[in-house]
Amino acid sequence: MADKTFIVRIKRQQRPDESVRWEEFELRQRPHMNVITCLRDIAEKPYTRGGSETTPVSYEANCLEEVCGACAMLINGKPRQACSALVDNLEKPIRLEPLTKFPLIRDLQVDRSSMFEDLKRTKCWIPIDGTYDLGPGPRMAPEKQEIGYPLSRCITCGNCLEICPKVNEHSHFVGAAIVSQVRLFNMHPTGEMHAGARLESLMGPGGIEDCDNAQNCVKVCPKGIPLTESLAAVNGQVLLHAVKTFFTGKD
Amino acid sequence: MRQPKIIIVGGGLAGLMAAIRVAESGVPVDLFSIVPVKRSHSVCAQGGINAAKNLKGEGDSTWKHFDDTIYGGDFLANQGLVKGMCEAAPAIIDLLDRMGVMFNRTPEGLLDFRRFGGTLYHRTAFAGATTGQQLLYALDEQVRRYESEDKVKKFEGWTFLSAVLDDGGVCRGICAMDLKTMEIKTFPCDAAIFCTGGIGAVFGRSTNSVVCTGSAQSALFQQGVYYANGEFIQVHPTAIPGEDKCRLMSESARGEGGRVWVPKKPQDPRPAKQIPENERFYFLEEWYPKYGNLVPRDVATRAIHKVVYEMKMGLAGEPAVYLDVTHIPREVLERKLEGILEIYEKFVGTDPYNEPMKVFPAMHYTMGGLWVDNENQATNVPGIYAAGECEYQYHGANRLGANSLVSCIYGGGIAGPAAVRYARSLEQGCESTSPAVYERERVRQQDVSDALLNQHTGTENPLAIWRELGDIMTENVTVIRYNAALQKTLIKIDELSERFTHINLQDRTQWANQTLNFVRELGNMLILAKVITLGALARNETRGAHYKPEFPNRDDANWLKTTIASYNGGNIRLDYEAVDISLLPPRERKYTAAK
């Protein structure tokens, strides 16, 4: 019996300043294949469906179990992780494109360093005094941990920015992932001591006000993080903070 | 006073902890990582982190943690650092807690602890089943804070190629390649700390991430850094086999009560749920009544191999056994194991809350690694330090689950300050090193890349060579080792190394050329594979994860010693060093009864 095959169409671009081309590959279908296996098959035999030699496809990937965030791309038009995109469940031909809201490096590889910069700008950390032994951390009710833990599973994949209509050339909304991290740190017993500075970083252009409540983000989050709840919660905190600082002139 | 210059390569738990400690001491750090550090392999650690905090009234102590670790490692670990680690562990948990790790809590708001393999105590703190991710993020956030204060400078998207050694053999910097521009550059430093993680890619498919190739360790080995106990490879008993990788199903599934079984009737065609309790063979519980499903990993892995290959009792038509959590209340599973059950559901497509999972052992961890001293995480080359999975201390012949996270943080925490002390003690810093020393290394590395890029006659595909390497290493150098098969493996590695010289790069561009980088890594993997196999061939005994049916017993008289591999002009040489057993005299290791 002849092997069952399927087609993958990939948007290729060798450099950011070079032209775009689409290439088609015909791959042998095997059980439990994911998009990563497709890209590895191509790297092992870098010939297009038409038989012309090409280069292996550039893409980012690391853990391959949807916990590092690296392999986000557009798969059949939807932002998602390539590792957990199983070929059996995908409509064929499979269409692969890079995320569009981040600077392209090559092929399916983009530069998401802006998200890490935003985590820096919004002070998403607990400011501890030092690594020396200062005894246990603050106690926390299990109920609180159960709110915080899902937020802390954000893998910075960027899918929520990719799908957000307010992230575009004219508007630079910081995005749901970052806002949700601010919520996480503001709810921590030590983190909340510095909530004001984080909230202020979300005021003004690109801040929380830019969110127009399209609610697309929550639908593409691979970790099921309640992003819209985070957006609402932080929006409330920012408003309250603005009122407070208006009347007291300080935090 | 002159400000020392420290470089850290690798931004997983060990590297980030080292960076925090160096930055905290006021010394600037350059931190190099192939991936953005937040995507490092530490994210894959699932089950938890060990510390004898004794919060369950069981009478646990750091000494018992120490004893379990040494015993679990079959007495091959040097004892001083292990004792230090176990004593430091409770404060490490406190530190992580203060950093905001969302550890699971008790109703009183204290940290919750669960059981793990190789111990009878609740000693493992956890954040759901994604503890490694949570810990990595906590350290990543602290490093980002130092970055915002200009105390840490990150070089993400750079890969380490080699150390810059001066004529006296002292490390004076590193040579690295920008994975976007493919530019090769040298970076001066007084001391370099390597936290470059695991070597899973040497075995093709493992539970490791893509970047865990061992390339940095191998490059350092080829420059004279010793590599110790390479033959000790941990195969995790419960993973989901896959074509791109084997996905781990954490030991915590068993720590929370998960049970491993196969149908008593071989090839029983019935679905798992229809097989009644008395027709199930809970082989771990039967063979190891005291530890049951929580025997150490090497023991569980060999038991599964025995059931599947010797007793022919694997699940109908496939080499697999059941890992069953369906008897545990859904609410408990969601609170404590959701992260891994979600992985199973997404990648296999069946619901582990209602159907037992099908699992099989997979290469998971290297106990061996760069040789470091018993005090400072210092290698034999002055100025080169190592911490985390890439070095060999702490785990002996077999690592206990949930000890890796604590060893990364402890080792990184030692390496940082030790490197600073060394750098401060230098009479002459790297600024006194001749520019020719740096240029020499840069040219040497540029030549390697150029030769690969300019080789137009090659016919060999790098991925094909890699697959063949992984297949033979997995077949012959993991769970069961026979000397004849190890000999054959060495011949195969030589054949692959020869074919490697005829590689066709298929991508000769000078921009984000991932093939070029992979081929350079593959060259290093081939040498590391040889170190591992030679070590395994030489060690004629059974100890921890190293199992030779031809030599079924531990042989302390001849083999209670550390393997030290060194490299000279293309030749690998094995020497041996005594193990520090000053605190706990070796005794027989068996898990059929309590120790």
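To find a chain, count down the sequence lines: A is the first, B the second, and so on, and within it residues start at 1.
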Contact between B:T459 and B:N504 at the side-chain level, heavy atoms closer than 4.5 Å - yes or no? no
Check whether A:D107 gets within reach of chain B through its side chain, its backbone, both or neither, counting any heavy atom under 4.5 Å. neither
Most heavy-atom pairs under 4.5 Å with chain A, out of B:L110, B:I92, B:T515, B:I20, belong to B:L110
Pairing donors with acceptors under 3.5 angstrom, does anything connect the side chains of A:Q81 and A:N159? yes
Below 4.5 Å, heavy-atom pairs only: which of B:M102, B:R39, B:E338, B:K38 has the largest tally toward chain A? B:R39
For chain B, find which of A:P31, A:C68, A:A61 contributes the most heavy-atom pairs closer than 4.5 angstrom. A:C68
Measuring heavy-atom distances to chain B, does A:C83 have an atom under 4.5 Å in its side chain, in its backbone, in both, or in neither? both
Against chain B, label A:Q109 side chain, backbone, both or neither, depending on which of its atoms sit under 4.5 Å from a heavy atom there. side chain
Which atoms of A:I105 come close to chain B, meaning under 4.5 Å heavy atom to heavy atom: side chain ones, backbone ones, both, or neither? both
Heavy-atom contact with chain B under 4.5 Å, split by part of A:E143: neither
Let me know if A:F185 has heavy atoms under 4.5 Å from chain B in its side chain, its backbone, both or neither. side chain
Just checking, any donor-acceptor pair under 3.5 angstrom between side chains of B:T509 and A:R106? yes
Assert top hit (heavy-atom pairs under 4.5 Å, partner chain A, pool B:F103, B:Y137, B:F518) equals B:Y137
Best-contacting candidate, B:E156, B:H41, B:R467, against chain A by heavy atom pairs under 4.5 angstrom: B:R467
Contacting moiety of A:E146, where chain B heavy atoms sit under 4.5 Å: side chain
Looking at chain A, which one of B:Q134, B:M99, B:K180, B:E342 has the largest number of heavy-atom pairs inside 4.5 Å, strictly under? B:Q134
What residue in B:G349, B:G413, B:S42, B:C44 has the most heavy-atom pairs under 4.5 Å with chain A? B:C44
